[in-house]
There are 2 protein chains.
Amino acid sequence: MRSPQIASDTRTRILEAAVDRFGRDGFGASLRAIAADAGVSAAAVMKHFGSKESLHRECDAHVLAVISAYKTEAMKSADLGATLMTQMARMEEFQPLIRYTMRSFLAGGDVARNLLEDMRSRALTWMAEGVKAGHLKPSRNEELRVKLTFSISIGWMVQSVLAAEKDLGELDADFWARTFDEMLMPALELYAEGLFADRTLLEHYMLYRSDPPGESGAEETSA
Amino acid sequence: MRSPQIASDTRTRILEAAVDRFGRDGFGASLRAIAADAGVSAAAVMKHFGSKESLHRECDAHVLAVISAYKTEAMKSADLGATLMTQMARMEEFQPLIRYTMRSFLAGGDVARNLLEDMRSRALTWMAEGVKAGHLKPSRNEELRVKLTFSISIGWMVQSVLAAEKDLGELDADFWARTFDEMLMPALELYAEGLFADRTLLEHYMLYRSDPPGESGAEETSA
DNA sequence: TCACAGTGTAAACACGTGTTCACCCGGAGG
DNA sequence: CCTCCGGGTGAACACGTGTTTACACTGTGA
């Protein structure tokens, strides 16, 4: 019990510096840069985390824990799956988390996979309640529909980052707030009114493969 | 006129090897790996392209040219923006291009930006025609709606890659074909029927910001 | 006071990278 | 014949990387 607070203090300082640098520069960021941000040497990082890969894993866990903690607190108003990010995008202190999560999405990290799985399962519950309450139409496959609504947010972010012609690390809270604001109108319009003037295309498609045509259909939704 | 065919032969061999390796391993792929794939030395790559960055640029241009050439030929049936990819995903010979394009999307390359801009402008035309013909409902902002429909394809791809728990380079034509097939039903359903059972949410939102509320609204659609 | 464990550092190591340099080979031109 | 020149190579260079090692400082316990 000597003085573990001091030790764990620099440890979390390294960890937060790593989250920030990974988010700004990508996961190729060097240990020396992270160490410099934390005000220590690269060897200290190794002492505390053993390896860069291990540091990356602990960053993933840390980000997931922080987001999860915030989520359970701000659960009430989230409905479309994107509103959480919308709220978070407005807050300066969440920018490192946003950047890190986006990096993880683009690099294929555990943070993105776990976060996405968790958010989708929650959204599935919300949607089921919405359908039961009569606010939402039922779907032929609720899980695929949830994945589709998430696609909108994710694809919108990717396109916006691409159009910005800047690196992910340079984008600030204003950018994300504007990005999500801009998405709201067309998304609500599509959700409320659809796109096709009639149902012929859908009906033709459903006829083409009458529900499941004997093949693997709905039980293997992903993977 | 000595024998430039032979020379330009190894040049394009290097270029195609680079497109393939960049697509499989990302843009961090080493020149030596690319050179080995092309059956030459790393120095030869430098002789032909000057630098790795220059090679990357020429790969971008090459991929754009090939896709563009194929697009203008298969223009007639493309409508949703994803159908092009759907077709391409089925063909083995386009796998390197798919992988490269996807890498460019995730890394923020010029290929993705240009390709996206081009495809969206085409989609805008198609949509205008669809609206005029009465097949599609008009939108409050056609450009944002186009961006939204593209979001669905892009976000769906990102989520599918993420769920695969494999690196982008290991995914084959079957994966992409299944991915797009799976997307078709929920997309058509959403396009045909919408999501909300009534229009109250949309109307509340449109009321909240009565068209443009005096702020920057529709003229700055991106960037 | 001494020994010790914890915390951190500077220097070195081993390796992979993009790039350059000196050189070779083969065929066209004098 | 020799010369030259484009296409190509292997070895080296300079550098940045993750990791390891030997060493300092600091405060606590006996």
Side-chain angles (χ1 to χ4, degrees), chain A residues 1-62 100 103-104 107 109-110 167 169, chain B residues 1-62 100 103-104 107 109-110 167 169:
Chain A
M1 209 164 283
R2 304 135 216 294
S3 55
Q5 339 31 2
I6 298 180
S8 68
D9 176 48
T10 76
R11 201 192 129 93
T12 65
R13 216 171 58 234
I14 291 175
L15 212 155
E16 284 170 6
V19 168
D20 196 53
R21 263 254 127 22
F22 280 150
R24 287 186 192 279
D25 302 347
F27 295 110
S30 79
L31 281 188
R32 284 171 176 82
I34 295 170
D37 287 357
V40 297
S41 70
V45 179
M46 295 299 296
K47 266 243 158 63
H48 277 284
F49 295 92
S51 73
K52 187 187 186 181
E53 193 186 340
S54 169
L55 172 63
H56 185 162
R57 273 197 301 270
E58 296 224 26
C59 283
D60 277 12
H62 179 243
Y100 188 96
R103 284 277 178 215
S104 186
D110 282 345
D167 193 74
Chain B
M1 207 168 283
R2 307 143 214 292
S3 54
Q5 334 40 354
I6 298 179
S8 68
D9 176 49
T10 73
R11 201 192 129 93
T12 64
R13 217 172 56 236
I14 291 174
L15 212 154
E16 285 169 7
V19 168
D20 196 53
R21 259 269 158 312
F22 281 150
R24 288 186 192 278
D25 302 347
F27 296 109
S30 80
L31 282 189
R32 284 170 176 82
I34 294 170
D37 287 356
V40 296
S41 70
V45 180
M46 295 300 295
K47 267 244 157 67
H48 277 285
F49 295 92
S51 72
K52 187 186 185 181
E53 192 185 342
S54 168
L55 173 64
H56 186 163
R57 274 197 302 269
E58 295 224 27
C59 283
D60 278 12
H62 179 245
Y100 189 96
R103 285 278 180 215
S104 185
D110 281 345
D167 194 72

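First the proteins, then the strands, lettered A, B, ... as listed; each starts at 1.
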Over the length of the helix from C:dT1-D:dA30 to C:dG30-D:dC1, how much do the five-pair end axes diverge, rounded to 10 degrees? 40°
State plainly whether the residues A:Arg103 and A:Asp60 are in salt-bridge range, i.e. N to O under 4.0 Å. no
What is the separation between atom CD on B:Glu53 and atom P on C:dG18, rounded to the nearest whole Å? 13 Å
Quick one: salt bridge (charged side-chain N to carboxylate O under 4.0 Å, His left out) pairs with a partner in residues 38-52 of chain B, sequence neighbours left out? none
Rounded to whole Å, the NZ-C1' distance (A:Lys47 to D:dA22) equals 10 Å
Return the nearest nucleotide to the side chain of B:Ser41; candidates are D:dG8, C:dT9, D:dT9. D:dT9
Do B:His48 and B:Leu15 come within less than 4.5 Å of each other through their side chains, counting heavy atoms only? no
When the distance from CZ of A:Phe49 to P of D:dT19 is rounded to whole Å, what number comes out? 13 Å
Return no unless some side-chain N or O of A:Thr10 is found under 4.0 Å from OP1 or OP2 of C:dT7. no
Taken to the nearest whole Å, CZ/A:Arg11 to P/C:dG6 is 15 Å
Distance in angstrom units between B:Leu55 CG and C:dT17 P, rounded: 15 Å
Under a 4.0 Å heavy-atom cut-off, which of residues 14-31 of chain A touch DNA chain C? none
Figure out the CE/P separation between A:Met46 and D:dT20, and round it to whole Å. 5 Å
Grab the CZ-P distance between B:Arg13 and D:dG7 for me, whole Å please. 14 Å
Spacing of B:Arg32 atom CZ relative to D:dT9 atom C1', expressed in whole Å: 13 Å
Reported CG-to-OH distance for the pair B:Asp20 and B:Tyr100, which is rounded to 0.5 angstrom: 11.5 Å
